[in-house]
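Computed from a predicted model, the values in this text were never measured in an experiment. First listed ligand is number 1; within each ligand, the first listed atom is number 1.
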Amino acid sequence: MSLSIVPVKEHFVGEVMGVDITQPMSPSEIATLEAGMDQYAVLILRSRNITDEQQLAFSRNFGAMENAHGGNVTKPAELRLQTGMNDVSNLGKDGKPHPKDSRQRLFNLGNMLWHSDSSFRPIPAKYSLLSARSLNRRGGDTEFADMRQAYDALDAETKAEIDDMICEHSLMYSRGSLGFLDYSDDEKQMFKPVRQRLVRSHPVTHRKSLYLSSHAGTIVGRPMPEARIILRDLNEHATQPRFVYVHKWQLHDLVMWDNRQTMHRGRRYDETYPRDVRRTTVAGDAPTVAQAAAE
Ligand code: OGA
Ligand code: MN
């Protein structure tokens, strides 16, 4: 059976058929998947159990892996997974759920806020690929919002107003909004804000999208309350159900999304039981602020 993509949510989410992600891909399969990502922005691939090596090998078809340094408060000695794998689970190195008061757990709860991966990095991520290795007994859906459709639906005046806005993104803004406010000097240095355009355009399709994220905390040149109201208002607009797809996980699903055109968030689950989801992240290739004003 050859590779095909079946729409799940029109113009936004597709399910990929006729592919085995544990096997090497042919150049034409890779090209079809890339074109599918450009067109949809979220692709679902049902799989059987895959290893971390297989997930990494599949992910590298789409570019180099992002260096995960500086994306969390987990100490290197406490990492459960090898370099290249982002641990999005609620598990410690011992395989058990983090204790309720664990700093790592409290920091990682930020994944339940709408965001785009690595928008806090000067060169933010291209794709994320998330693989479900074990499901939780309750909740834990992942939701995706289409930031192209959200942009398109803005009125002309709002588009003109925000087109050249530059935001500052930091993990301290997203976590700070949850009341997680204590950082070591090293973390403050690591989480220094970076600038991103609020409206970006896709390098292949040139479609514009709203580049929002919980990490965005200021707009350059605007007083803080004004910036926060603008961002909050746009976030409310962009995450209306009509722009959102809710992924209900089946075991071994792999979902890949384009961080340049989407936001996502995890939903709450029973954290006293495991939820093992592992992410690989494909590095982006350019900062958004260097992008010419989106046409
Ligand atoms: C991620 C993420 C949400 C979830 O993997 O980047 O935000 O549902 N995941 O686990
Ligand atoms: Mn994420």
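Looking only at heavy atoms of the protein, atom 6 (O) of ligand 1 is closest to Arg279 NH1, 2.7 Å. Among all protein heavy atoms, the one lying closest to atom 9 (N) of ligand 1 is Val88 CG1, 3.7 Å.
Using cut-offs of 30° and 60° on the angle between ring planes, the pair Tyr211 and His169 is parallel. Using bins of under 30°, 30° to 60° and over 60° for the plane-to-plane angle, the ring pair His247/Tyr245 lands in the tilted bin.
Within ligand 1, the atoms closer than 4.0 Å to a non-hydrogen atom of Leu130 are 5 (O), 9 (N), numbered from 1 in the order shown. Near Thr142, the atoms of ligand 1 lying under 4.0 angstrom from a non-hydrogen atom of the residue are 4 (C), 8 (O). In the vicinity of Gly266, heavy-atom distances shorter than 4.0 Å reach the ligand 1 atoms 3 (C), 4 (C), 8 (O). For ligand 1, the atoms closer than 4.0 angstrom to any heavy atom of His115 are 7 (O). Less than 4.0 angstrom separates some heavy atom of Asp117 from each of these atoms of ligand 1: 6 (O). Proximity to Asn111 (heavy-atom distance under 4.0 Å) selects the following atoms of ligand 1: 7 (O).
Of the polar atoms of His264, at least one N or O is found under 3.5 Å from an N or O of ligand 1, judged by distance alone. Considering backbone and side-chain atoms together, Trp249 places no N or O closer than 3.5 Å to any N or O of ligand 1. Remark: ligand 1 and Arg275 share an N or O pair separated by less than 3.5 Å (distance only, no angle test).
In this structure, His98 and Arg103 have side chains that are not in contact, with every pair of non-hydrogen atoms separated by 4.5 Å or more.
With the Mn ion (ligand 2) as the vertex, OD1 (Asp117) and NE2 (His115) define an angle of 100°, rounded to 10°.
Not a single heavy atom of Arg267 sits less than 4.0 Å from an atom of ligand 1.
Side-chain contact of Ser102 with Arg105: a donor-acceptor pair under 3.5 Å is absent, judged by distance alone.
Considering Glu53, Gln23, Met256 as possible partners of Phe58, the one that fulfils the side-chain contact (heavy atoms from CB on, under 4.5 Å) test is Met256.
Looking only at distances, a side-chain donor or acceptor of Arg197 sits under 3.5 Å from a matching main-chain atom of Asp163. Side chain of Asp233 to main chain of Ile229: no donor-acceptor pair is present (N/O by atom type, distance under 3.5 Å, no hydrogens or angles).
Taking the centre of each ring, Phe120 and Phe191 stay at or above the 6.0 Å mark.
No continuous path of ILVMFWY side-chain contacts below 4.5 Å connects Ile5 to Val42, so the two sit in separate hydrophobic clusters.
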